[in-house]
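So you know, we letter chains A, B, ... as the sequences are listed, proteins then strands, and number each from 1. Everything numeric here is computed off the predicted structure, so don't read it as measured data.
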2 protein chains.
Amino acid sequence: MSKLDISEVSQASGLAPSTLRYYEAQGLIQSSGRKGLRRQYSPEVLERLNLIALGQSAGFLLTEISEMFTPNGPIINRDRLLQKAEQLEQKIKRLTAISKGLRHAAACPADRHLDCPKFQQLIKQSALSRLE
Amino acid sequence: MSKLDISEVSQASGLAPSTLRYYEAQGLIQSSGRKGLRRQYSPEVLERLNLIALGQSAGFLLTEISEMFTPNGPIINRDRLLQKAEQLEQKIKRLTAISKGLRHAAACPADRHLDCPKFQQLIKQSALSRLE
DNA sequence: GCTTGACCTCAAGTCAACTTGAAGTTGTAG
DNA sequence: CTACAACTTCAAGTTGACTTGAGGTCAAGC
């Protein structure tokens, strides 16, 4: 035990085996060896996969994520992190406005939400934050 | 006046002319006529473009957006809107956690943020919400 | 010992949303 | 009137993140 084969990792992570092989090819994860042809993974790979998912949600590209993992790869630049955080916060604002807009549209009695003043206003807001 | 040509719309919207032609080909916008070969747009197209950007931010595909615009296209299903709103709210939660994580990582004294307990916790949170 | 199913590799395909390139047309400034 | 920048079309290319397919390998159960 303690070694997982690809289907177990796939199960546990929710990622397709092909994705795991792809990630390995991109240098994002490593298999800890082979059993015959077959990749064996140590359980820590699951943590790594979570980290990757985290990075993706944060809007990093896979190549950026893999850079972060390299031993002395581009230092995880703190300014870069802060910058990403700010971008995310901007995005959160927009998404919040939009989600309100959608909820309103769903509840709005007007046949065409497009005509509803509240909705219009939310659109404008969102349009503005888009340009900032 | 009152008719804009493609470069003006491009300027005003921040979208490339090629994108505007592409949107037209996809049925997302219309030009209100031609002057010779050249498309002329009425100013309302800008509002439409905002709406498109809004939809994109909300996570709709262009094809879905264009459906919403069709005269008697698939009624803008209220359940669908609510569902999107919920998805967005989920996403907002995740992004919020991540942005906190990034800010913390940027401030964290630990050389490897990956080892920081607070950071670890944020990762776990985010990993969980990912599966819900 | 043979079949089967889960794995393997490598190249090519997919998808969304655009962009680019080649080759042609046209409104306008000089 | 001519030059030319800005448009036009249409097909093909790009990017990121995967997936699919063809063809091959291997361990385990019958």
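- Remark: P of C/dT9 and CD1 of A/Ile6 are 9 Å apart, rounded to the nearest angstrom.
- Distance, B/Leu20 CG to D/dC7 P: 11 Å, rounded to whole Å.
- Distance, A/Glu24 CD to D/dA17 P: 18 Å, rounded to whole Å.
- Contacts between residues 34-43 of chain A and DNA chain C, defined by a heavy-atom separation under 4.0 Å, are made by A/Arg34, A/Leu37, A/Arg38, A/Arg39.
- Crowding of B/Gln11 atom CD: a count of heavy atoms from other residues, nucleotides or ligands under 6.0 Å not exceeding 12.
- Taking the salt bridge (charged side-chain N to carboxylate O under 4.0 Å, His left out) definition, one finds that B/Glu24 meets it with B/Arg39, sequence neighbours left out.
- Other residues, nucleotides and ligands contribute only 12 or fewer heavy atoms inside 6.0 Å of the CD atom of B/Gln121.
- Partners of B/Glu89 under the salt bridge (charged side-chain N to carboxylate O under 4.0 Å, His left out) rule, at least two apart in sequence or in another chain, are A/Arg103.
- Nearest heavy atom pair, residue A/Ser99 against residue B/Ala85, reads O-CB, 4.0 Å.
- Applying the side-chain contact (heavy atoms from CB on, under 4.5 Å) criterion to B/Ala16, with sequence neighbours excluded, gives B/Ser18, B/Thr19.
- Contact check, A/Arg21 against C/dC8: a side-chain N or O comes under 4.0 Å of OP1 or OP2.
- A/Ser32 and A/Lys3 are linked by a side-chain donor-acceptor pair at a separation below 3.5 angstrom, with hydrogens and angles left out of the test.
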Under 3.5 Å, sequence neighbours excluded: what are the donor-acceptor pairs made by side chains of residues 51-65 of chain B?
unit_1  : atom_1 : unit_2  : atom_2 : d
B/Ser57 : OG     : A/Arg94 : NH1    : 2.9
B/Ser57 : OG     : A/Arg94 : NH2    : 3.1
B/Ser57 : OG     : B/Ala53 : O      : 3.2
B/Glu64 : OE1    : B/Leu61 : N      : 2.6
B/Glu64 : OE2    : B/Arg80 : NH2    : 2.6

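- Look at CG on A/Leu49: it is 15 Å from C1' on D/dA17, rounded to the nearest Å.
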Which nucleotides of nucleotides 10-19 of chain C have their base under 4.0 Å from a protein heavy atom (B), which only their sugar-phosphate (S), and which neither (-), written as one string 5' to 3'?
------SBBS
